[in-house]
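For the numbers below, each heavy atom of this structure counts, side chains included, while hydrogens, waters and symmetry mates do not. Computed from a predicted structure; not experimentally measured. Each residue takes its place number in the sequence, starting with 1.
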Amino acid sequence: MFQLQFWIFLVITVSLALLSTRKKFTFIDFQIIIMIIAITMSLDMIFCKQLNLYHYVNADYRGWYSFWANFIIAPSLGIVFIKFVPKSLRNIVLYILIWPVLLTALELFILKPANIVIYRGWRPFPYSLVGYILCFIIECIYFESLKKRLK
């Protein structure tokens, strides 16, 4: 049940999130975290549990590892992403395109070889790449709408 690589990855992502928040978390940060958890849990229920396209670490404990991935890792990465969003629309578009490429590369070259994510029918390229792009667009739109409404 215990896989050290998964927990190391979890600690690294949480550390990155904490380092990226120079100040204390804002109300908007908490709203972003809640939105990310809701989206990742929903997508994981469909793709991991129902369609059985992938799982984390071990099929017998996939719910356990999915919980931690969706409740800790995904929001941590989302906070790092949102804390460095550029101001201009052109740079935002470029930023949204760079992050999915980096995360897909992370899946292909680190998470898959380390058996943190085991793919059955899922392919990081193009599925994860497209999914990340859509999720980051949604995150940016939600972030901007929260900033406008809470000023």
| query | Any link between W64 and I8 through a network of hydrophobic side chains (Ile, Leu, Val, Met, Phe, Trp, Tyr) touching at under 4.5 Å? | reply | yes
| With a 4.5 Å limit on heavy-atom distance, are the side chains of Y119 and L108 in contact? | no
| task | Provide the closest heavy-atom pair for C140 versus I96 in the form atom of the first, atom of the second, distance. | result | SG-CD1, 3.8 Å
| message | With a 6.0 Å cut-off (strictly less than), is the heavy-atom count around CZ of F125, excluding the residue itself, greater than 12? | response | no
| said: Side chains of C135 and L43, heavy atoms from C-beta outward: is any pair under 4.5 Å? | reply: yes
| Considering all heavy atoms, the nearest I133-P100 contact | CG1-CG, 3.5 Å
| request: Output, in order, the C-alpha distance, side-chain angles, deciding distance and verdict of side chain to side chain contact (heavy atoms under 4.5 Å, CB included) for F2 and N58. | output: CA-CA 9 Å; F2 185 81; N58 183 322; over 6 Å; no
| request: Nearest 0.5 Å please: distance from the CG atom of D29 over to the NZ atom of K83. | output: 3.5 Å
| query | What are the two closest heavy atoms between G78 and E139, and how far apart are they? | reply | O-OE2, 2.8 Å
| Any side-chain heavy atom of E107 within less than 4.5 Å of one from K112? | no
| said: Please give me the minimum heavy-atom distance between R120 and A59, naming the atom from each residue. | reply: NH2-CB, 3.8 Å
| request: Walk me through it: do I92 and V85 pass the test side chain to side chain contact (heavy atoms under 4.5 Å, CB included)? | output: CA-CA 6 Å; I92 290 172; V85 170; 3.9 Å; yes
| message | Quick check for you: to the nearest 0.5 Å, what is the distance between I36 atom CD1 and I79 atom CD1? | response | 6.0 Å
| query | In the single-linkage hydrophobic clustering (I, L, V, M, F, W, Y; side-chain heavy atoms under 4.5 Å), do Y127 and I46 co-cluster? | reply | yes
| message | Regarding Y56 and Q3, do their side chains bring together a donor and an acceptor under 3.5 Å, going by distance alone? | response | no
| note | In this structure, CD1 of I137 is separated from CG of L97 (nearest 0.5 Å) by 8.0 Å
| Hey, quick one: are L134 and L53 part of the same hydrophobic cluster, counting side-chain heavy atoms closer than 4.5 Å, chains of contacts allowed? | no
| field | Close side-chain approach of I37 to N70, heavy-atom, < 4.5 Å | value | no
| query | Are any non-hydrogen side-chain atoms of I116 and W7 less than 4.5 angstrom apart? | reply | no
| query | Would you say the side-chain atoms of T13 pair up with the backbone N or O of L10, donor to acceptor, closer than 3.5 Å? | reply | yes
| request: Apply the test side chain to side chain contact (heavy atoms under 4.5 Å, CB included) to residues L77 and Y132: give CA-CA distance (whole Å), side-chain angles for both, the deciding distance (0.1 Å), then the verdict. | output: CA-CA 11 Å; L77 291 172; Y132 287 134; over 6 Å; no
| So do N115 and V57 actually touch side chain to side chain, heavy atoms under 4.5 Å? | no
| query | Given side chains that start at C-beta, do those of R62 and C48 come closer than 4.5 Å, heavy atoms only? | reply | yes
| query | When rounded to the nearest 0.5 angstrom, what distance separates CG in N91 from CD1 in I98? | reply | 9.0 Å
| Would Y95 and F136 count as a close aromatic pair, with their ring centres under 6.0 Å? | no
| said: Using side chain to side chain contact (heavy atoms under 4.5 Å, CB included), reason through F143 and I28 one step at a time and then give a plain yes or no. | reply: CA-CA 7 Å; F143 178 67; I28 292 174; 3.6 Å; yes
| request: Assert yes or no for the condition that the ring centre distance of F47 to W122 is strictly below 6.0 Å. | output: yes
| message | Quick check on the hydrophobic clustering: are F30 and I138 connected, directly or via other members, by side-chain heavy-atom contacts under 4.5 Å? | response | yes
| Do the side chains of S66 and M45 get nearer than 4.5 Å, heavy atoms only? | no
| said: Can you confirm whether the side chains of D44 and Y54 place a donor and an acceptor under 3.5 Å from each other? | reply: yes
| query | In Å, rounded to the nearest 0.5 Å, how long is the span from CG of L111 to CD1 of I118? | reply | 10.0 Å
| query | Just by distance, do the side chain of S145 and the backbone of Y142 share a donor-acceptor pair under 3.5 Å? | reply | yes
| request: Establish whether F81 and V130 are linked, either directly or via other cluster members, by ILVMFWY side-chain heavy-atom contacts under 4.5 Å. | output: no
| query | How many angstroms lie between atom CZ of F84 and atom CH2 of W99, to the nearest 0.5 angstrom? | reply | 8.5 Å
